Amino acid sequence: MKSKHNVLIFIPSLIGALVLFGWLFDIEILKRPKDFMVAMNPMSALSFVFIGLALYLNLNRSDSNISRILIRLIALFVLLVGLTKLYSIISGFDLGMDKVLFSDKIAKDIIKGIPNRMAPNTAFDFVVLGSAVFLSSYRKEVLSSISNYLCILVLLIGLFSVIGYVYQVQEFYGILSYIPMAIHTAISFIFCSFALLLINGHSGFMRVFTSKSSGGILARVLIPFLIIIPVLFGYLRIYLNRLNPVSLELGVGFLMTGIILTFFVLVWFVATQLEKSDIARTEAERKLSELNHELEKLVSSKTMDLFKSENRFRTILEQFPYPVLTYDPQGVCTGTNFAWEEMWNTRRDVLVDYNILKDPQIKEAGFFPFVEKAFGGEPAISEPFPYDPKLIGSSGRNRWLQMVLYPVKNTAGNILEVIVVHQDITASKEAENEIRLLNNDLEERVKVRTEQLVLANKELESFSYSISHDLRAPIRGISGFTQILMEDYGVNFDAEGKRIIGKIIENAKQMGQLVDDLLEFSRLGRTELAEREISMKELATTVYKELVNLESGREIRFEIQDIPNVRADQPAVRQLWVNLISNAIKYTKKAGLPLIQIGFMESEGGTVFYVKDNGAGFNMQYYNKLFGVFQRLHSNADFEGTGVGLAIVKRIASRHGGDVWAESKEGEGATFYFTLPGQDPKLK
């Protein structure tokens, strides 16, 4: 988007620079488009060059303090130029601001009767535009909104001036007997104000026009028609009246009829688009409601299961005959049972804020390594150690304890809590058996919870797969309806509208490819592999020919060795070749002499296949992202893609018990290696 803004900024700056060049070398066509037209004053041209610089800094260097100061200085300069000229006109005392540059040449033109001084409406526009640029530099919502309204005023004055030149109505671009505004001055004001409006697109009424919503898109499509159509019909009315004069009433009637019919078509078009959007939104809301309902049921069911499991665990813990404590991953005690209260003859309230990792007795008794082991994720059984009950708040003899510490983890391996069982060594051997039963029970409950989580993950995978399938229909709808819109109503759009529609079709196609890649990635994790003998050379050659036929006009040098056969799943291996070879074709599109090589080499682990190219390559600094889903090392503008292809290659190799890796140097190509341990040496 910034590049488009820079183009708008560049146009008035270029016009100003060309006018200054014309004044410097007396090139009349650069000073005024035609001999009978008004020349752009050199000070006006210099102001446009400076305004272009200010707008560029505002767009591209808005975070720099130096840039903001420079923008404000330029804005004040332009404001001063306009105010000085207006003061000269109002007071009658000529300060000569518009004669500072090329004063001799300006004087000679005036003697010849050629107007070249700054017009009053030009000076007024510089005052308003300078104020707008100054306010915009603060990047505040209120000031940017005021700046937008000032830009609209400048835009209207410039637009009226251009219309005046088109209609040959001097009152539109001139004030009384003063020098009128030059045509290229008016055009420069239009581009400057329009560029500043886009820069302030986040503020005020411009939010609607820069929005990515359907309303914003329609606004951007309709605004050019609202400006161009009345002006065009007005010009046609004047032109046709000159060819064949008709009555004022008849001419106005034809003009109004044409405008009404044109706007009727535009209103019909907008209504049609809004109706389609509402229908699509209603259908999407219905499907989303259904999905939310199903998700709520699933979450409710899982929450209830979890609650029952947690409640069962706490019930068992409370009724357990031996002292049991639970700790969070930071070592803070989160609860204990009644047996602990009986053992120490105190209430569990004394354990509030107790942290086992900070207990001095545990450290002095040499028990701390077992605690660290448990909180590090491994179960631990301590050696017997003495513990003074006075530190707990109870009385009685010292106890020799042995503790069993067990970390409870989730499926990701993260510790949820640590369970600590106190064992009084003075008790009978039966206590040891009970502890063993407790450990078995804990392991069984962890196993049950793990199985529940595995089942939930499978259900979630199935749910995601269904959603991915359901995405196909709306994507096809977007692509199809946009294609119909382009075919049936393309003549109604300007170049920008057609470009936007093309982007919609392109993005819908890319989204469809992404859904296909995700489905393929998901399918590879579930399907059974059917291994059989595969001719790797024949398969790779066939895949290359199919892919290169899609690259019209490209000359690619392709070399393949006599690579050995393997025993593997043919559809999966074919997909592996498709992804690696298509990557090589894609990333060599900017190479002068594209070269793709396929070969193999022997290693201690077996045969290693490789696909080598001399394309764009990548920075090995980001290698860890290479085989991840949605991970891309190049921008979509340079090389299209979904970021799933190499993840699919990784999964295919892993499913066969193999591996995949790569080597590259940015700008010098890349080599992708893979192994398939299922290969049969007899098939070489």
Side-chain angles (χ1 to χ4, degrees), residues 12-13 15-20 22-24 30-33 37-55 71-135 147 150-162 164-165 170-193 196:
S13 298
I15 293 174
L18 290 175
V19 170
L20 290 175
W23 278 101
L24 181 62
L30 295 181
K31 294 191 290 185
R32 53 175 60 81
M37 289 187 174
V38 179
M40 182 189 291
N41 186 267
M43 186 58 69
S44 298
L46 181 62
S47 298
F48 283 125
V49 173
F50 282 158
I51 290 174
L53 174 61
L55 293 178
I71 291 169
R72 291 165 193 168
L73 290 176
I74 292 174
L76 291 175
F77 169 77
V78 174
L79 184 64
L80 178 63
V81 170
L83 286 175
T84 304
K85 182 59 182 180
L86 288 178
Y87 175 79
S88 298
I89 294 172
I90 295 171
S91 66
F93 180 72
D94 190 1
L95 297 176
M97 175 59 75
D98 54 350
K99 295 190 295 183
V100 173
L101 300 176
F102 306 107
S103 56
D104 294 339
K105 296 182 179 180
I106 290 175
K108 289 180 181 178
D109 280 357
I110 294 175
I111 294 174
K112 296 177 183 177
I114 302 174
N116 53 33
R117 300 291 297 274
M118 186 182 296
N121 45 355
T122 299
F124 178 77
D125 264 4
F126 276 131
V127 172
V128 177
L129 185 59
S131 301
V133 173
F134 186 84
L135 294 175
S147 174
L150 295 177
C151 288
I152 288 294
L153 179 59
V154 175
L155 183 65
L156 290 176
I157 294 174
L159 190 61
F160 266 90
S161 298
V162 173
Y165 276 102
Q170 186 172 354
E171 287 78 8
F172 275 30
Y173 57 87
I175 299 176
L176 300 176
S177 60
Y178 291 102
I179 296 173
M181 180 186 292
I183 178 66
H184 39 339
T185 301
I187 293 172
S188 298
F189 277 127
I190 291 173
F191 278 105
C192 286
S193 56
L196 188 54

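Keep in mind that this is a model prediction, so the values were computed, not measured.
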S.K.: For a 4.5 angstrom cut-off between non-hydrogen side-chain atoms, does Phe77 reach Phe126?
M.R.: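 With C-beta onward as the side chain, the pair stays apart.
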S.K.: Taking all heavy atoms of Thr122 and all of Ser44, pick out the closest pair and write down the distance.
M.R.: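 What the structure gives for the nearest pair is CG2-OG, 3.9 Å.
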S.K.: The criterion is side chain to side chain contact (heavy atoms under 4.5 Å, CB included); which residues satisfy it with Leu73, sequence neighbours excluded?
M.R.: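 Applying side chain to side chain contact (heavy atoms under 4.5 Å, CB included) to Leu73 gives Ile69.
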S.K.: To the nearest 0.5 Å, what is the distance between CG (Leu129) and CG (Leu196)?
M.R.: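 It comes to 7.0 Å.
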S.K.: Measuring only between side-chain heavy atoms, which start at C-beta, is Val78 closer than 4.5 Å to Phe134?
M.R.: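 No; the side chains remain at least 4.5 Å from each other.
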S.K.: Phe124: what forms a ring-ring contact (aromatic ring centres under 6.0 Å, His included) with it, not counting sequence neighbours?
M.R.: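 Residues passing ring-ring contact (aromatic ring centres under 6.0 Å, His included) with Phe124: none at all.
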S.K.: Indicate the atoms forming the closest heavy-atom contact of Leu150 with Val128, along with that distance.
M.R.: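 Looks like O-CG1, 3.3 Å.
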S.K.: With sequence neighbours excluded, tell me which residues meet side chain to side chain contact (heavy atoms under 4.5 Å, CB included) with Phe102.
M.R.: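 Side chain to side chain contact (heavy atoms under 4.5 Å, CB included) list for Phe102, sorted by chain: Leu20, Trp23, Leu24, Pro42, Lys105.
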S.K.: CE/Met97 to CG/Leu86 distance, rounded to the nearest 0.5 angstrom?
M.R.: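 Interatomic distance, Met97 CE to Leu86 CG, rounded to 0.5 Å: 11.5 Å.
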S.K.: Give the minimum heavy-atom separation between Val19 and Leu30, together with the two atoms involved.
M.R.: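 Minimum heavy-atom separation between Val19 and Leu30: CG2-O, 3.4 Å.
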S.K.: Which residues satisfy the side-chain hydrogen bond (donor to acceptor under 3.5 Å, both in side chains) test with Ser47, sequence neighbours excluded?
M.R.: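 Residues passing side-chain hydrogen bond (donor to acceptor under 3.5 Å, both in side chains) with Ser47: none at all.
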S.K.: Using 0.5 Å steps for rounding, measure from the CG atom of Leu76 to the CD1 atom of Ile71.
M.R.: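 If I round to the nearest 0.5 Å, the distance is 12.0 Å.
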S.K.: Looking at every non-hydrogen atom in both residues, tell me the closest pair between Val127 and Leu79 and how far apart they are.
M.R.: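 Looking at all heavy atoms of both residues, the shortest contact is O-CD1, 3.2 Å.
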S.K.: Apply side chain to side chain contact (heavy atoms under 4.5 Å, CB included) to Val133 and Ile74, showing your working.
M.R.: CA-CA 9 Å; Val133 173; Ile74 292 174; 6.0 Å; no
S.K.: With rounding to the nearest 0.5 Å, note down the distance linking OG in Ser13 to CZ in Phe48.
M.R.: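 Separation between the atoms: 10.0 Å.
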S.K.: Picking from Leu153, Leu155, Leu159, what satisfies side chain to side chain contact (heavy atoms under 4.5 Å, CB included) with Ile157?
M.R.: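 The side chain to side chain contact (heavy atoms under 4.5 Å, CB included) with Ile157 is passed solely by Leu153 among Leu153, Leu155, Leu159.
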S.K.: Any chance you could measure Ile15, atom CD1, to Phe191, atom CZ, to the nearest 0.5 Å?
M.R.: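 Those atoms lie 6.5 Å apart.
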S.K.: So which pairs with a foot in residues 124-134 pass side-chain hydrogen bond (donor to acceptor under 3.5 Å, both in side chains), sequence neighbours left out?
M.R.: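 Every candidate side-chain hydrogen bond (donor to acceptor under 3.5 Å, both in side chains) pair involving residues 124-134 fails, so no pair, neighbours aside, qualifies.
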S.K.: So which atom in Ala45 and which in Gly16 form the shortest heavy-atom distance, rounded to 0.1 Å?
M.R.: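 That closest heavy-atom pairing would be CB-O, 3.3 Å.
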S.K.: Once salt bridge (Lys or Arg N to Asp or Glu O under 4.0 Å) is applied, what residue pairs with a partner in residues 79-93 remain, sequence neighbours excluded?
M.R.: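 Checked against salt bridge (Lys or Arg N to Asp or Glu O under 4.0 Å) - neighbours excluded - the pairs reaching residues 79-93 are Lys85-Asp98.
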S.K.: Is it the case that atom OH in Tyr87 sees more than 12 heavy atoms from other parts of the structure closer than 6.0 Å?
M.R.: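 No, not enclosed.
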S.K.: Do the side chains of Leu53 and Val49 get nearer than 4.5 Å, heavy atoms only?
M.R.: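 No, every pair of side-chain atoms sits at 4.5 Å or beyond.
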S.K.: Does the side chain of Val154 come within less than 4.5 Å of Cys192's, by heavy atoms?
M.R.: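 Result no, sub-4.5 Å side-chain heavy-atom pair not found.
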S.K.: Which side-chain N or O atoms in residues 180-190 pair as donor and acceptor under 3.5 Å with protein atoms at least two apart or in another chain?
M.R.:
residue: His184; atom: NE2; partner: Lys31; partner atom: O; Å: 2.7
residue: Ser188; atom: OG; partner: His184; partner atom: O; Å: 2.8

